[in-house]
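These notes are about the structure you will find just below.
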Amino acid sequence: MTDLLEELEWRGLVAASTDREALAAHLAQGPVTFYVGFDPTAASLHIGHLVQLMLVRALQERGHHPLLLVGGATGLIGDPKMSGERKMNDESVVAGWVESIKAQVGKYVDLDGPNAARIVNNYDWTSRYNAVEFLRDIGKYFSVNRMLARDVVARRLDSGISYTEFSYVLLQSLDYAELHKQYGCSLQTGAQDQWGNITAGAEFIRRTTGDVVHGLVTPLLTKADGTKYGKTESGTVWVDPELTSAYAFHQFFLNAEDSKVIDYLKIFSPRSHEEIDELERQTREEPWRRAAQHALADDITDLVHGPQQRRAAQDAGKALFGRGELADLDAGTLSAVATEIGATSLDGEQMPTVPEAMALAGVVESNSAGRRAVAEGGAYLNNVKVTDADRRLTGEDFLHGRLALLRRGKKTVGGLTPRH
């Protein structure tokens with residue numbers, strides 16, 4: 001069997017760890033109880049969080065015991081970020097997000113069996129402390145000098161950082177200590193930007209109990225230019241289908257860069273070394289086939305949305321460019337397509353002609369360009385070639401009452417939604 005740590009490194013799931021040899025030996029002795037935390041700063045997880053869940057799955061599959069911490073307490077504060085102070089959300093809002101995140105993380109792990117995952121909430125123990133107890137029992141073990149030296153704090157000193165965010169590291173360290181005490185947790189994982197918090201927690205446990213515990217962080221998910229992966233023009237790529245549809249999710253990963261797609265496959269796909277090596281060869285020698293992108297988009301959409309929604313997303317992608325039946329798409333998928341292509345809402349009383357509709361949808365520059373497209377045989381309404389430039393849209397042209405698809409040639413598409 002492949003060494004677990006070596007497998008995690010090959011998968012691109014290790015950016016840094018505490019003493020590697022000691023961690024490898026600890027995992028080999030197993031089973032290890034480990035934890036990763038998710039702060040409810042929004043109603044849904046995004047694909048950056050999904051990296052952590054892939055690490056959890058890999059460890060659980062090897063027999064280790066996961067603790068998934070949803071930060072009902074830390075979510076009220078928020079880990080410091082480089083760009084400035086976080087907004088404080090109402091307790092009732094955060095409590096609702098806690099329940100939403102709990103439901104989401106439970107989808108990606110095994111909650112039954114001999115090494116079942118356990119979902120915990122740090123509000124359960126943090127809320128028991130009063131201010132004096134917290135300062136005496138926790139605060140006295142932390143050096144302000146070391147806290148000031150943390151990268152995010154140092155960068156925020158000129159612009160300002162509140163004592164609340166400055167103290168976040170104490171709360172996360174308390175989490176590690178509490179889980180170590182309650183469950184024997186001896187490994188904390190997280191994203192690379194959590195390294196300071198994780199090592200602080202390990203040091204806190206050593207100073208208060210003498211026990212040696214471990215930490216492991218994953219690389220941040222980035223594009224080829226180093227910017228964070230998971231952002232689109234419309235915002236973050238969420239795992240909640242109400243926030244990012246299965247179609248948009250699938251399309252996002254289809255657009256992965258050649259230089260990074262194999263890295264993403266290693267993280268998100270269950271495919272074997274041999275399968276991924278073959279996809280890497282195809283990307284290098286036959287990049288126009290985009291075989292790795294299709295494999296990535298299919299595998300991760302299966303994971304997050306399920307095979308049925310993945311197939312619907314595939315069908316929509318084909319139908320959009322005339323390689324499938326638009327009429328076969330369900331109403332929800334059509335709505336997702338309309339959002340993704342930026343369909344324009346009709347106004348005015350009279351239905352437009354097809355050339356006018358093409359201009360409104362942005363597939364041609366003007367009505368006259370639309371008429372030329374019709375004359376040249378390159379104008380399509382719902383994938384049907386239009387030969388009459390005076391043909392007006394009707395209510396029946398809006399599939400499921402939601403979208404009329406306009407296309408010029410093979411690749412330029414746009415849409416109209418009915419007036420409200």
Side-chain angles (χ1 to χ4, degrees), residues 1-38 49 51-69 74 79 109-110 114-118 120 122 125 138 140-143 145-147 149-152 168-221 263 266-267 273:
M1 182 179 291
T2 306
D3 176 78
L4 173 56
L5 203 50
E6 288 181 0
E7 173 69 14
L8 296 179
E9 288 167 341
W10 183 82
R11 290 277 173 187
L13 288 170
V14 180
S17 70
T18 51
D19 188 313
R20 188 196 183 282
E21 290 186 8
L23 175 58
H26 187 55
L27 290 169
Q29 290 168 1
V32 168
T33 298
F34 68 99
Y35 101 91
V36 62
F38 301 93
H49 296 123
V51 178
Q52 306 313 311
L53 289 165
M54 300 311 294
L55 177 58
V56 171
R57 286 164 69 95
L59 289 166
Q60 188 179 35
E61 285 170 359
R62 293 293 188 97
H64 301 291
H65 300 277
L67 297 169
L68 303 178
L69 184 149
T74 43
D79 197 12
V109 295
D110 188 353
N115 62 327
R118 183 190 297 265
V120 296
N122 60 15
W125 55 83
I138 313 300
K140 67 179 180 179
Y141 291 98
F142 289 80
S143 162
N145 291 345
R146 290 186 65 179
M147 291 169 70
R150 295 179 65 219
D151 189 39
V152 67
Y168 183 94
V169 63
L170 276 68
L171 293 174
Q172 188 163 327
S173 297
L174 171 61
D175 290 343
Y176 200 174
E178 189 68 25
L179 295 175
H180 179 64
K181 175 179 159 185
Q182 285 191 43
Y183 304 105
C185 178
S186 55
L187 170 64
Q188 182 183 174
T189 65
Q192 192 168 4
D193 56 7
Q194 292 297 306
W195 178 248
N197 290 332
I198 291 173
T199 54
E203 175 66 11
F204 176 55
I205 291 170
R206 187 195 65 78
R207 294 189 66 188
T208 53
T209 69
D211 295 340
V212 175
V213 295
H214 306 272
L216 183 155
V217 291
T218 63
L220 297 176
L221 206 60
D263 293 340
K266 288 178 178 180
I267 292 171
H273 289 222

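The first residue of the sequence shown is numbered 1, and numbering continues consecutively from there.
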Next item on the list: Return the set of residues passing ring-ring contact (aromatic ring centres under 6.0 Å, His included) with H49 (not counting sequence neighbours), or none when no residue passes.
Entry: F38, H46
Next item on the list: Could you grab the distance from atom OH of Y176 to atom CG of N122, nearest 0.5 Å is fine?
Entry: 15.5 Å
Notebook entry, point to check: How long is the gap from CG on L170 to CZ on F142, to the nearest 0.5 Å?
Noted result: 4.5 Å
Check: Taking atom NE2 of H65 and atom OH of Y183, what is their separation to the nearest 0.5 Å?
Finding: 13.5 Å
Margin query: If you compare all heavy atoms of L13 against all heavy atoms of P219, which two are closest, and at what distance to 0.1 Å?
Written below: C-CD, 3.9 Å
Checklist line | Identified side-chain contact (heavy atoms from CB on, under 4.5 Å) partner of L187 from the options T33, L23, I198 | finding: L23
Check: Rounded to the nearest 0.5 Å, what separation is found between the CG atom of D110 and the CG atom of N115?
Finding: 6.5 Å
Next item on the list: May I ask you to check whether Q52 and T189 show a side-chain donor-acceptor distance below 3.5 Å?
Entry: no
Next item on the list: Return yes if some donor-acceptor pair links the side-chain N/O of R11 with the main-chain N/O of K266 below 3.5 Å, else return no.
Entry: yes
Check: Which atom names give the shortest non-hydrogen contact between A191 and V217, and what distance separates them?
Finding: O-CG1, 3.5 Å
Next item on the list: Could you pull out all residues at least two apart from D193 that satisfy salt bridge (Lys or Arg N to Asp or Glu O under 4.0 Å)?
Entry: none
Checklist line | F204 and Y141 aromatic ring geometry - parallel, tilted or perpendicular at 30°/60° bounds | finding: perpendicular
Item checked: Distance-only donor-acceptor check, side chains T74 and D175, under 3.5 Å -> no
Notebook entry, point to check: Run the side-chain contact (heavy atoms from CB on, under 4.5 Å) check on V213 and F34 step by step: do they pass?
Noted result: CA-CA 10 Å; V213 295; F34 68 99; over 6 Å; no
Note to self: Given H214, which partner from the list H64, H26, H180 fulfils the ring-ring contact (aromatic ring centres under 6.0 Å, His included) test?
What the structure shows: H26
Margin query: Looking only at side-chain N and O atoms, does Q194 offer a donor or acceptor that is under 3.5 Å from a partner on Q188?
Written below: no
Notebook entry, point to check: If you measure from CD on E7 to CD on E61, what distance do you get to the nearest 0.5 Å?
Noted result: 9.5 Å
Note to self: Is it the case that the side chain of T209 and the backbone of R206 share a donor-acceptor pair, with hydrogens and angles ignored and the cut-off at 3.5 Å?
What the structure shows: no
Notebook entry, point to check: Which atoms form the tightest heavy-atom contact between P66 and V56, and what is the distance?
Noted result: CB-CG1, 3.8 Å
Item checked: Least distance between heavy atoms, S173 atom then N197 atom -> OG-O, 4.1 Å
Check: Do the non-hydrogen side-chain atoms of I267 and L221 ever get within less than 4.5 Å of each other?
Finding: yes
Note to self: Going by side-chain contact (heavy atoms from CB on, under 4.5 Å), L216 matches just one of V36, L59, L5, L27. Which one?
What the structure shows: L5
Checklist line | Within-4.5 Å side-chain heavy-atom neighbours: Q60 and R57 | finding: no
Check: Which pair of non-hydrogen atoms, one from V109 and one from A117, has the smallest distance, and what is that distance?
Finding: CG2-CB, 3.6 Å
Next item on the list: Nearest 0.5 Å please: distance from the CD atom of Q29 over to the OG atom of S186.
Entry: 9.5 Å
